[in-house]
Amino acid sequence: MENETIKNRIQQALDCVQGLDEPYRGLAFQVVLERLLQEGADGRRADPKPEAREGGKGFTPINEFYSSLSLKSHTDSVVAIAYYLLHAESAPLFTIREVSERLSKCRAEKPKNLSDVLAGCAKNGWLAEGSQKIGGMKSWYLTSTGEKYFQSKLKPAEG
């Protein structure tokens, strides 16, 4: 990683924690900086494990995964994408951009206001806001309630 990139990451981490009081600021700075340094040069998370790539851990590519589901609403689509990100791509945190990109890969209809759909999923308890920003964007994660919802209502019957 180049010195300029490292300096930028340090500045981003400082910006993220500047409103916190000590001793939390020092701890948060370490966590945020570590996360930022793990990101790739384009602001995306680095993928250190080959099995974490798309289609890893026994998952089919996202478009096949998505088309195998009977999704009836945009919130169902977002929960399914979040489930895939967590389990197939080993991405516990994601942004609205990543959801939008996955919907495009699946050639799925995108909601007019994806932010509202994410907020609706959060209101239902299926998603929650992450504590850090990724590439300057709010992060989200799939909750255990969202995971149970996917497994009981959205996941296709096996066999």
Side-chain angles (χ1 to χ4, degrees), residues 1-2 5-6 8-9 12-13 16 28 30-159:
M1 190 175 282
E2 295 180 27
T5 303
I6 294 170
N8 288 339
R9 301 282 194 238
Q12 283 179 307
C16 286
Q30 286 179 314
V31 171
V32 171
L33 181 60
E34 181 178 322
R35 176 67 180 207
L36 289 171
L37 290 174
Q38 289 175 351
E39 291 179 355
D42 62 354
R44 305 230 357 119
R45 286 187 295 274
D47 190 4
K49 297 178 253 171
E51 69 274 7
R53 285 190 219 113
E54 183 177 345
K57 293 187 181 178
F59 277 79
T60 60
I62 191 163
N63 56 339
E64 291 178 29
F65 170 81
Y66 188 88
S67 65
S68 72
L69 305 172
S70 297
L71 305 171
K72 295 177 176 67
S73 67
H74 291 304
T75 54
D76 287 352
S77 294
V78 168
V79 170
I81 297 289
Y83 186 89
Y84 189 89
L85 286 166
L86 176 62
H87 291 283
E89 296 185 27
S90 297
L93 293 175
F94 57 88
T95 65
I96 190 171
R97 179 182 298 138
E98 290 169 314
V99 172
S100 179
E101 288 170 356
R102 296 322 181 279
L103 287 170
S104 291
K105 275 186 177 182
C106 297
R107 296 185 179 167
E109 180 185 344
K110 289 185 193 175
K112 290 181 181 169
N113 191 336
L114 188 51
S115 294
D116 281 351
V117 175
L118 287 166
C121 289
K123 186 176 179 182
N124 287 325
W126 302 330
L127 298 181
E129 286 185 31
S131 60
Q132 60 192 24
K133 293 188 180 249
I134 300 172
M137 300 181 81
K138 182 189 301 184
S139 64
W140 296 88
Y141 64 92
L142 182 68
T143 64
S144 59
T145 303
E147 199 164 1
K148 288 174 190 168
Y149 174 74
F150 175 84
Q151 291 171 343
S152 66
K153 304 283 193 224
L154 305 178
K155 190 173 184 179
E158 295 184 24

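These numbers come from a predicted model, not from an experiment.
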Checklist entry - Which pairs with one or both residues in residues 112-126 pass salt bridge (charged side-chain N to carboxylate O under 4.0 Å, His left out), sequence neighbours excluded? => result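 Every pair satisfying salt bridge (charged side-chain N to carboxylate O under 4.0 Å, His left out) with a residue in residues 112-126: there are none.
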Checklist entry - Residues in side chain to side chain contact (heavy atoms under 4.5 Å, CB included) with E147, at least two apart? => result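 Listed in chain order: Y83, L86, H87, L142, Q151.
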Item to check | Partner set under side chain to side chain contact (heavy atoms under 4.5 Å, CB included) for S70, not counting sequence neighbours | outcome: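 Applying side chain to side chain contact (heavy atoms under 4.5 Å, CB included) to S70 gives none.
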Distance from [X] atom [atom1] to [Y] atom [atom2], nearest 0.5 Å?
X: S67; Y: I62; atom1: OG; atom2: CD1; value: 10.5 Å
X: H74; Y: C121; atom1: NE2; atom2: SG; value: 11.0 Å
X: L71; Y: F150; atom1: CG; atom2: CZ; value: 8.0 Å
X: I81; Y: L69; atom1: CD1; atom2: CG; value: 9.0 Å
X: T75; Y: N124; atom1: OG1; atom2: CG; value: 6.5 Å

Next on the checklist: Just to verify, what does W126 make a ring-ring contact (aromatic ring centres under 6.0 Å, His included) with, not counting sequence neighbours?
Outcome noted: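 Per chain and number, W126 pairs via ring-ring contact (aromatic ring centres under 6.0 Å, His included) with Y149.
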Item to check | Salt bridge present between E89 and R102 (N-O < 4.0 angstrom) | outcome: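 Answer for the salt bridge query: yes.
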Item to check | Exercise: do K133 and S139 side chains pair donor with acceptor under 3.5 Å | outcome: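 No.
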Does any part of the side chain of [Y], heavy atoms only, come nearer than 4.5 Å to the side chain of [X], both counted from C-beta?
X: V99; Y: F94; result: yes
X: V78; Y: P111; result: no
X: E98; Y: T95; result: yes
X: L93; Y: Q132; result: yes

Checklist entry - Residues in side chain to side chain donor-acceptor pair (under 3.5 Å) with S152, at least two apart? => result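 Result, side chain to side chain donor-acceptor pair (under 3.5 Å) vs S152: none returned.
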Checklist entry - With K138, which residues qualify under salt bridge (Lys or Arg N to Asp or Glu O under 4.0 Å), at least two apart? => result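 So K138 forms a salt bridge (Lys or Arg N to Asp or Glu O under 4.0 Å) with E129.
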Item to check | S77 and Y66: CA distance, side-chain angles, deciding distance, side chain to side chain contact (heavy atoms under 4.5 Å, CB included) verdict | outcome: CA-CA 8 Å; S77 294; Y66 188 88; 2.7 Å; yes
For the student: nearest non-hydrogen atoms of [X] and [Y], plus distance:
X: S90; Y: P92; answer: O-CD, 3.3 Å
X: W140; Y: A122; answer: CZ3-CB, 3.8 Å
X: K105; Y: N63; answer: O-CB, 3.8 Å

